Amino acid sequence: MAYAHPDPNAFRAVVWQIVRQIPRGQVATYGQIASMIPAPDGIDAETYARLAPRWVGEAMNAVSNVDAPDVPWHRVINGQGGISLPPGIPAALQQRSRLEAEGIRFDARERIDLGVYGWAGPDKTWLEANHLLAPKPLREPPANDGGQLPLL
DNA sequence: CGTTTGACTACGC
DNA sequence: CGCGTAGCCAAAC
């Protein structure tokens, strides 16, 4: 709808391609997916990072409209681990039930633990073959138990 | 034709 | 850690 991408169709195709890689039982965020796609020429990285997540949302909306069977749109959620679709509408209910059917659990606040179910992204080989970037890591609880201290 | 509104995030309280 | 807000800009109202 808004936030025009220079080439909406191409962008959407790439987003779908990435979403197809999300394994069953795992989830990815809008921003994470956006971070794998290079910014178009003429758009600085900062602006792109600000707009791209919404474009990803548009791409997901396009999927549900036609319900492309091979694009697991339900595995894409927001950075807080929640479903971004307005609560209560059919599509949102469907997304939630599909995720639960894959063994994904929601906490009391209806949020998914990205530290547990968050997808690490496609492997490097696939990314390079598709001219994509390594995804920005999902931010999760430090969980610093006897963690490795960076040696310098 | 001015306002509202986003399948988002980062940031400040 | 939760809630409000700015940023963005084209559609839908």
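Basis for what follows: all heavy atoms, side chains included, without hydrogens, waters or symmetry-related copies. Order of the sequence lines sets the chain letters (A, B, ...), proteins ahead of strands, with each chain counted from 1. Predicted model only: the values in this text are computed from it and were never measured.
Close to C:dG2, at under 4.0 Å from its OP1 or OP2, lies a side-chain N or O of A:Arg111. Applying the 4.0 Å criterion to OP1 and OP2 of B:dA10, one finds that A:Lys136 has a side-chain N or O inside that range. In this model, the phosphate group of C:dC1 is not approached by any side-chain N or O of A:Arg109 to a distance below 4.0 Å at OP1 or OP2.
Across all their heavy atoms, A:Trp119 and A:Ala28 have their closest contact at CE3-CB, 3.8 Å. Between A:His131 and A:Pro38, the shortest heavy-atom distance links the atoms O-CG, 3.7 Å. Scanning both residues, A:Leu93 and A:Gly88, for their nearest heavy atoms gives CD1-O, 3.6 Å. Closest approach of A:Ile18 and A:Ile37 over heavy atoms only: CD1-CG1, 3.7 Å.
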Are A:His74 and A:Glu102 close enough, and set up right, to give a side-chain hydrogen bond (donor to acceptor under 3.5 Å, both in side chains), and what steps lead you there?
CA-CA 11 Å; A:His74 60 282; A:Glu102 298 186 357; 2.8 Å; yes
Please write out each protein N/O paired with an N/O of nucleotides 6-8 of chain C under 3.5 Å, distance rounded to 0.1 Å.
{"from": "C:dC8", "atom 1": "OP1", "to": "A:Arg50", "atom 2": "NH2", "distance (Å)": "3.4"}
{"from": "C:dC8", "atom 1": "O5'", "to": "A:Arg50", "atom 2": "NH2", "distance (Å)": "3.3"}

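In this structure, A:Arg12 is positioned above the aromatic face of A:Trp16, its NZ or CZ under 6.0 Å from the six-membered ring centre and within 45° of the axis.
Residues from residues 36-45 of chain A that place a heavy atom under 4.0 Å from any atom of DNA chain B: there are none.
One can place CD of A:Gln95 at 12 Å from P of B:dA7, the figure rounded to the nearest angstrom. Remark: P of B:dT9 and CD1 of A:Ile77 are 9 Å apart, rounded to the nearest angstrom. Distance A:Leu114 CG to C:dC1 P: 13 Å, rounded to the nearest Å. One interatomic measurement links the two molecules: CG of A:Leu93 to P of B:dA7, which rounds to 16 Å at whole-angstrom precision. Rounded to an integer number of Å, the gap from CD of A:Gln32 to C1' of B:dA7 is 16 Å. Computed from coordinates, the A:Gln94 CD to B:dA7 C1' distance equals 14 Å when rounded to whole Å. Taking atom CH2 on A:Trp16 and atom P on B:dA7, their separation rounds to 16 Å, with Å as the unit. Taking atom CD on A:Gln80 and atom P on B:dT9, their separation rounds to 8 Å, with Å as the unit.
No more than 12 heavy-atom neighbours from other residues, nucleotides or ligands sit within 6.0 angstrom of CZ on A:Arg105.
When the P atom is used for both B:dT5 and C:dG4, the distance is 15 Å, rounded to whole Å.
Considering CD of A:Gln21 and CG of A:Leu132, their distance stands at 9.5 Å, rounded to 0.5 Å.
Using a cutoff of 4.0 Å between basic side-chain nitrogens and carboxylate oxygens, A:Glu110 and A:Arg96 are scored as salt-bridged.
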